[in-house]
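Structure first, then comments.
Every value quoted in this text rests on a predicted model; they were computed, and no experiment measured them.
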Amino acid sequence: MTMSISDSIRRKPLVASFDIGTTYTGYAYSFIKNPYDITIRKWTTEGAMSPKAPSTVLLTPELNFHSFGYEAERKFSDLCAKKEHKSWNFVNSFKMVLNEKQPFDINFLNIRDIQNHFVPASAVFTGVIQYLKNDLLEHLKKRGYDHDVSNIQFVVTVPAIWSDTAKQAMTDFSVSAGISKDDLIIAYEPEVAALHCLSVPAHQVTLRTRENVAAMFQPGCCFLVLDLGGGTADITVQKVERDGKLSQLHIATGGGWGGSCVNNAFFQDLTSTFGKQVFQEFMKTNPEDYFHLRDQFEMVKRKIGTDQEFVFLHLPSSFKKTVKKFNGKRIKDILNEVDAQQKVFYRDGKLNYSTDYFKTFFTFSIQSVLGQLRKVLKSKKCSEVEYILMVGGFSESEFVRSSISEALPHVRVINPEDAALSVLKGGVLFGHDPNTVRFRVCPQTYGIAMHDYFNPKIHDLTKSCKVGNTQFIVGCFEKVFEKDEVLEVGQKKTIRVTEDFSTQPENVRTENKEIEMYSSVEKDPKYITDPVCTLQGIIVVAPPAGRWPEKMKGKITFEVTVTGIKVSFEDRETKTISGGEVKFTEPKPQTEATVLNRSFRKD
């Protein structure tokens, strides 16, 4: 594949991709001279090297960022050993806090830590991104490269199914971490994962996978990308166009059905067997042993197959002591009491699970994923899907792969090499050439709030208000893009607006105009106050040449870009163009006055 470099990217000699996952996090980079020669930052743990580190963060008692990953786990374990940990804040699996569907205010978003403390999400996310950025700069310096942030194109990957608010939050966290918006791309994980699979050199894949991937990326071929991470299952459907670019066929869908569901089921099973107090005490007082048990379970979870009778896990002595302390009984005796069928038993320091019982930990995750896959594949738009491309760390589970293959025999399931690193590496390639995606499907109907002169023949009187002697209809939903509409990158939509500033105070004429932007699950809503409408954010429009004219006649242009929507405003009289910016925000109560003030009049 020939990689074309856009003008805006050509100025950046380096692209770095940050993959902040629910379970593991990492970064990778490559230089513009050889985009495919990707370097992955390796993390040290117990003498071994890992391409990703645990998504764990330690904050000081003052809520300042202290450490990340294995370093955070070691420090917190030391604090626990010295009984100095209670005022510190240890956070893991923090990414899922952004998996909410409803808009939220990131300034008031909190995460619960391992000790049930509530810490600001901004402190955690900003701290991690800043740490990764600084670690990258230090890593480059050690290799003899002298780059500052202005010479780096940063790519932060996010689930495609995330809300606009969550994606905006990652932008804000990145900017707070010292990355300029001009140097930042927010990329969708399934898309970049597919891009990586296309780029894998032939000698790095098996013959069967090589043939499947080659066929899957032929023009006209349709394939589904199933990105199974620690937190989410992210599903997109792509079609390969004649020019090799990808077009989205179906709205991104999925849910919180990633590998952490299996972990939660396992730890809930331990809790129900030995007691909630036992597990909480074990986590708080012996975090190092807890981390080891977690990592051990991760390994077993990925390797479990169909040809083994039992699965075993080594239990740390601290867990055995905690069980004895709270229950007054040995683990073996407790299991004999609660498990007459010997689905799990204790022997030689190990928990032994029957394979059939161990697989029940996967039930919710697999059944949820399969239910969504069947729903998508039944869609008329997806009738020609021939392949399912499984990527993400959880897709490396042999049991998960075989379960999906057996349940969906009419499509070919492909799990390429480096599936766990597909998002990380694909993010780097996407940063070098973000024009690889040509079409996307609009997930909702988007529009802006408008007001107009009241017309009793077409307007609802209850939606109107009177200003002086003039009756206005307020809160009209002016549609920009429609749900399920296929949007091409570069496509534009223009809305003509007008406003009378002649009676406005001087300070108003020099201030930015804030226009409310709404979304709806319906294709053609009429008013922003309809129950199906949700405030997504505001469009900040700067006055042309710094001052609004007395009789303003303008047009707002919305342009579909690779990473979102670009907004510009043009004064139709002077032809002066000023930039606009979409800021996604939390819903706020509306009154007639605010709706009128935060909108233009339709022209």
Do the non-hydrogen side-chain atoms of [X] and [Y] ever get within less than 4.5 Å of each other?
| X | Y | value |
| --- | --- | --- |
| Ile185 | Phe154 | no |
| Val391 | Val225 | yes |
| Gln238 | Leu249 | no |
| Ile152 | Val15 | no |
| Leu421 | Pro51 | yes |
| Phe430 | Val437 | yes |

Hydrogens and angles aside, do [X] and [Y] bring a side-chain donor and acceptor to less than 3.5 Å of each other?
| X | Y | value |
| --- | --- | --- |
| Ser247 | Glu241 | yes |
| Asn151 | Lys12 | no |
| Glu288 | Ser77 | no |
| Ser30 | Asp37 | no |
| His139 | Tyr145 | no |

Leu429 vs Val192, test: side chain to side chain contact (heavy atoms under 4.5 Å, CB included). Steps then yes/no. CA-CA 8 Å; Leu429 298 177; Val192 300; over 6 Å; no
Counting only heavy atoms not in Asn64 (residues, nucleotides, ligands), do more than 12 fall under 6.0 Å from its CG?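 Atom CG in Asn64 is packed in, count exceeds 12.
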State whether the number of non-hydrogen atoms from other residues, nucleotides or ligands found under 6.0 Å of Glu488 atom CD is greater than 12.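 Yes, CD of Glu488 has more than 12 neighbouring heavy atoms, counting only those of other groups under 6.0 Å.
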Nearest-0.5 Å distance, [atom1] of residue [X] to [atom2] of residue [Y]:
| X | Y | atom1 | atom2 | value |
| --- | --- | --- | --- | --- |
| Leu195 | Thr436 | CG | OG1 | 5.0 Å |
| Phe173 | Thr171 | CZ | OG1 | 10.0 Å |
| Thr22 | Asn92 | OG1 | CG | 10.5 Å |
| Phe18 | Met170 | CZ | CE | 10.5 Å |
| Cys222 | Glu386 | SG | CD | 7.5 Å |
| Ile388 | Leu377 | CD1 | CG | 5.5 Å |

Would you say [X]'s side chain and [Y]'s backbone share a donor-acceptor pair under 3.5 angstrom?
| X | Y | result |
| --- | --- | --- |
| Asp183 | Ile179 | no |
| Glu485 | Glu482 | yes |
| Asn89 | Thr60 | yes |
| Ser422 | Ala193 | no |
| Ser260 | Gly230 | yes |
| Thr557 | Ser568 | no |
| Lys493 | Val480 | yes |
| Lys301 | Gly259 | yes |

Listed partners of [X] passing salt bridge (Lys or Arg N to Asp or Glu O under 4.0 Å), at least two apart:
| X | result |
| --- | --- |
| Asp234 | none |
| Lys381 | none |
| Asp243 | Arg438 |
| Lys483 | none |

Would you mind listing every side-chain hydrogen bond (donor to acceptor under 3.5 Å, both in side chains) that reaches into residues 49-59, with sequence neighbours excluded?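 Found Asp19-Lys52, Thr25-Ser55.
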Among residues two or more places apart or on two chains, list those pairs meeting side-chain hydrogen bond (donor to acceptor under 3.5 Å, both in side chains) that have a residue in residues 119-135.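 Counting only pairs at least two positions apart or across chains, the side-chain hydrogen bond (donor to acceptor under 3.5 Å, both in side chains) contacts touching residues 119-135 are Tyr27-Asp135, Arg41-Asp135.
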So, is the end of the Lys167 side chain (NZ or CZ) under 6.0 Å from the ring centre of Tyr188 and within 45° of the ring's axis?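 Yes, a cation-pi geometry holds between Lys167 and Tyr188.
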Going by the side chain to side chain contact (heavy atoms under 4.5 Å, CB included) test, name the single residue among Asp146, Thr39, Leu14 that passes it with Leu140.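 By the side chain to side chain contact (heavy atoms under 4.5 Å, CB included) criterion, Leu140 pairs with just one of Asp146, Thr39, Leu14: Leu14.
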Partners of [X] by side-chain contact (heavy atoms from CB on, under 4.5 Å), sequence neighbours excluded?
| X | answer |
| --- | --- |
| Ser405 | Val413 |
| Ile111 | Val91, Phe94, Val97, Val119, Ala121, Val124, Phe125 |
| Phe364 | Trp257, Cys261, Ser368 |

Do you know which two heavy atoms are closest between [X] and [Y], and how far apart they sit?
| X | Y | value |
| --- | --- | --- |
| Asp227 | Pro190 | OD2-N, 4.1 Å |
| Arg302 | Ala420 | NH1-CB, 4.5 Å |
| Met96 | Gly231 | SD-CA, 3.5 Å |
| Ala123 | Leu63 | CB-O, 4.0 Å |
| Leu373 | Leu226 | CD1-CD2, 4.1 Å |
| Val156 | Ser174 | CG2-OG, 3.8 Å |

Dump the intermediate steps for ring-ring contact (aromatic ring centres under 6.0 Å, His included) on Phe217 and Phe223, then the final yes or no. CA-CA 9 Å; Phe217 284 99; Phe223 63 94; 5.2 Å; yes
Lys/Arg N to Asp/Glu carboxylate O, [X] vs [Y], below 4.0 Å:
| X | Y | result |
| --- | --- | --- |
| Lys95 | Glu189 | yes |
| Arg440 | Glu191 | yes |
| Glu398 | Arg401 | no |

Qualifying residues under ring pair (Phe, Tyr, Trp, His ring centres under 6.0 Å), relative to His250, sequence neighbours excluded: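 His250 satisfies ring pair (Phe, Tyr, Trp, His ring centres under 6.0 Å) with no residue once adjacent residues are dropped.
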Output all residues satisfying ring pair (Phe, Tyr, Trp, His ring centres under 6.0 Å) with Phe361, sequence neighbours left out; order by chain, then residue number.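 Residues passing ring pair (Phe, Tyr, Trp, His ring centres under 6.0 Å) with Phe361: Phe266, Tyr353, Tyr357, Phe358.
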Among Phe76, Trp88, Phe90, which one satisfies ring-ring contact (aromatic ring centres under 6.0 Å, His included) with His66?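 Per the ring-ring contact (aromatic ring centres under 6.0 Å, His included) rule, the option paired with His66 is Trp88, out of Phe76, Trp88, Phe90.
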Sequence neighbours left out, what pairs pass salt bridge (charged side-chain N to carboxylate O under 4.0 Å, His left out) with at least one residue falling in residues 64-73?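 Qualifying pairs: Glu73-Arg294.
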Any idea how Phe394 and Phe362 line up, ring-wise: parallel (<30°), tilted (30 to 60°), or perpendicular (>60°)?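 Ring orientation of Phe394 relative to Phe362: parallel.
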